There are 2 protein chains.
Amino acid sequence: MTTAHRPPTLNDVALAAGVSRATASRVIAGTGYASPDARDRVNAAAGRLGYVPNLTARALVRGTGVRLVVAVSGAGPAVLDDPYVDRVVGAAARVCAPYGLGVALHWLPRRDPSGLRRLAEDRSVGGVVLVNTTQAVLRAVPAALRGRVASIGIGSALVPTFDVDNGGGTKAVVRHLYATGRRRIAMVTGPRWLSCAGRSVGAYRRVVRDAGLPVRLVRGDFSARLGRAAAREVLRRWPDTDAIVGISDATALGLIDGLRGDGVQVPGDVAVTGFDDIPLAAMTTPALTTATHPVGQIATAAATAVLAGRPVPPATVFPSRLVRRLSA
Amino acid sequence: MTTAHRPPTLNDVALAAGVSRATASRVIAGTGYASPDARDRVNAAAGRLGYVPNLTARALVRGTGVRLVVAVSGAGPAVLDDPYVDRVVGAAARVCAPYGLGVALHWLPRRDPSGLRRLAEDRSVGGVVLVNTTQAVLRAVPAALRGRVASIGIGSALVPTFDVDNGGGTKAVVRHLYATGRRRIAMVTGPRWLSCAGRSVGAYRRVVRDAGLPVRLVRGDFSARLGRAAAREVLRRWPDTDAIVGISDATALGLIDGLRGDGVQVPGDVAVTGFDDIPLAAMTTPALTTATHPVGQIATAAATAVLAGRPVPPATVFPSRLVRRLSA
DNA sequence: CTGAAAGCGCTAACAG
DNA sequence: CTGTTAGCGCTTTCAG
């Protein structure tokens, strides 16, 4: 018996309320004048009819976008598999919901970030949040994106940045290692091309050098798999290492697994630290000493900045705090 | 020097190519006839101008939506914090990108899933993927959503389902426990209202009963925190328990942590199993025995079904495989 | 304060 | 095969 039930349009509401479509529009969109009387009649009609504005039509006429793009640069599309990316997308999706926007996920080939131009020209794109941002990406950001783009990572004059205080967090971690008696501290880093990871490495270098300790770096990629391999490599190159700083919690977990596979005690023989404080970090054995990383807050701030369109400071840094547990 | 650079419209392309807008539309959208000559000219002009179709306009006229909504039901908006939800949203966002769609995330109050009606009326919504689906949610799905909705979890005549074979996976896990000599096997479940978790519990019951073993159930909620508490409770109620099945890997990790806190050896005294096989499961100590759960594949399939609009089978189940490691 | 009119950029019949 | 003609549903000048 239900008729085809075409969702009501603004026109239906206007008719039912006995006003013009223009007036109905004003009260629904909450913009422009309308007498209290008209306001009531329109709201009543809208409620009665179960009217839901068509955001597509609104976006078309207003020229605003309908989606926020999370653009992740990396060697291949596999970078999108990262749980970190999922968290960013999840947070962005929550920020978008009240605006009636959606989130799309794009891979930006590291060698060729020109896809950004298409995103800027695409009128259905309301804004862009950059992840794993590199200098090359920053250079490729078209001026037309001004005010509609933000970076989780490094930024530029055009691109405000939102990031955790990698340097401060890492410094606290390495100092903690030093304070607990470790003197031969290695670090497993992220991929070379990712400059935000560079801040962690820089902090490590500085603390270690200032203390007169040797610098011991092995390249990783944030994954547990490479962490495990890196454990072997550290032991092979510097058998007397007594602490290893992982660039991420996953790296640290891989490190612990790799060390244990070689019969090395953690933290007895070698202390291991992570970075991020993922929920599971508290549950592993030994529980992971790490630094906090409020990814959700960061992503929320970045997405909000992009959508609000109000001017934001060029850099917003979120503090990182040492979390002492059992692994170091 | 850059002029305001208004992005080119289809009209500009048509003009530049010397054809009508309709023809240009046909070749750009790849729909309908067009002579090879016209095709070339339009493509050339589009390329030269850097034309990017305005998907908002297209969606408006075609009546298709511009976003896919992931609707998660639960007691409070906190359900959206689940990493599982992030994975679903991430996968959906990837599927959406080529369609020019975005993903939005909505919380569906468990007591009142009527929000679904608004989603169905909202013409900007292209489709809905249900997560943590309950019978009440299924009942609240409006007929207008037919063909544009899918469930990750239980389904109905109107709502095709995509899910992992919880029953099969759990059965394999419990049988493994039995085969390795465990005879007093407890299980930590999910929240009562979530029927898909019920399939796991059902499988556990069946295997245990068929083997003439006692049924020992404690309620959890997928989180590590409650897993830890559940360990205590199991030990308190049934001190001779020699194995605990966790409803999720996080639960299992919490269980292991809780058991160890009480000086119980895993797997020596009590074997523990998880479910999901999250990446970290292989890296913990002891490495977790669990069952696979291809969340990404499932979410991808669900999102694809919703967007493709082609008829799909009422139920697609993804196999779960036992992964034997060290915890059981 | 309100209505009429003019589109936003695109697609979809329908005749040529 | 192609151009003409109408809109999709909404917002926004611009006169009343």
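In what follows, chains carry the letters A, B, and so on, assigned in the order in which the sequence lines appear, proteins first and then strands, with residues in each chain numbered from 1. Bear in mind the structure is a predicted one, so any value in this text is a computation, not a measurement.
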First and last nucleotide of DNA chain C, 5' to 3', lying under 4.0 Å from heavy atoms of chain A: C/dC1 to C/dG9
Closest-nucleotide 5' rank along DNA chain D - winner of B/A34 and B/R123: B/A34
Closest-nucleotide 5' rank along DNA chain D - winner of A/R26 and A/T9: A/T9
Residue list, salt bridge (charged side-chain N to carboxylate O under 4.0 Å, His left out) with A/D122, at least two apart or on another chain: A/R67
Exercise: do B/S35 and B/D37 side chains pair donor with acceptor under 3.5 Å: no
No-hydrogen, no-angle side-chain donor-acceptor test under 3.5 Å, B/S114 and B/D112: yes
Side chains of [X] and [Y] in contact at under 4.5 Å (non-hydrogen atoms):
| X | Y | result |
| --- | --- | --- |
| A/V66 | A/S124 | yes |
| A/L130 | A/I152 | no |
| A/V27 | A/N43 | yes |

At 4.0 Å (heavy atoms only), tell me whether [X] reaches a base, stays on the sugar-phosphate, or touches nothing.
| X | result |
| --- | --- |
| A/S35 | sugar-phosphate |
| A/A38 | sugar-phosphate |
| A/A22 | base |

Positional range of nucleotides in DNA chain D within the contact set of chain A, heavy-atom, under 4.0 Å: D/dG9 to D/dT13
Non-hydrogen atoms of B/D86 and A/G90 that approach each other most closely: OD1-CA, 3.5 Å
Over all atoms of both residues, closest heavy-atom pair of A/A16 and A/L49: CB-CD2, 4.3 Å
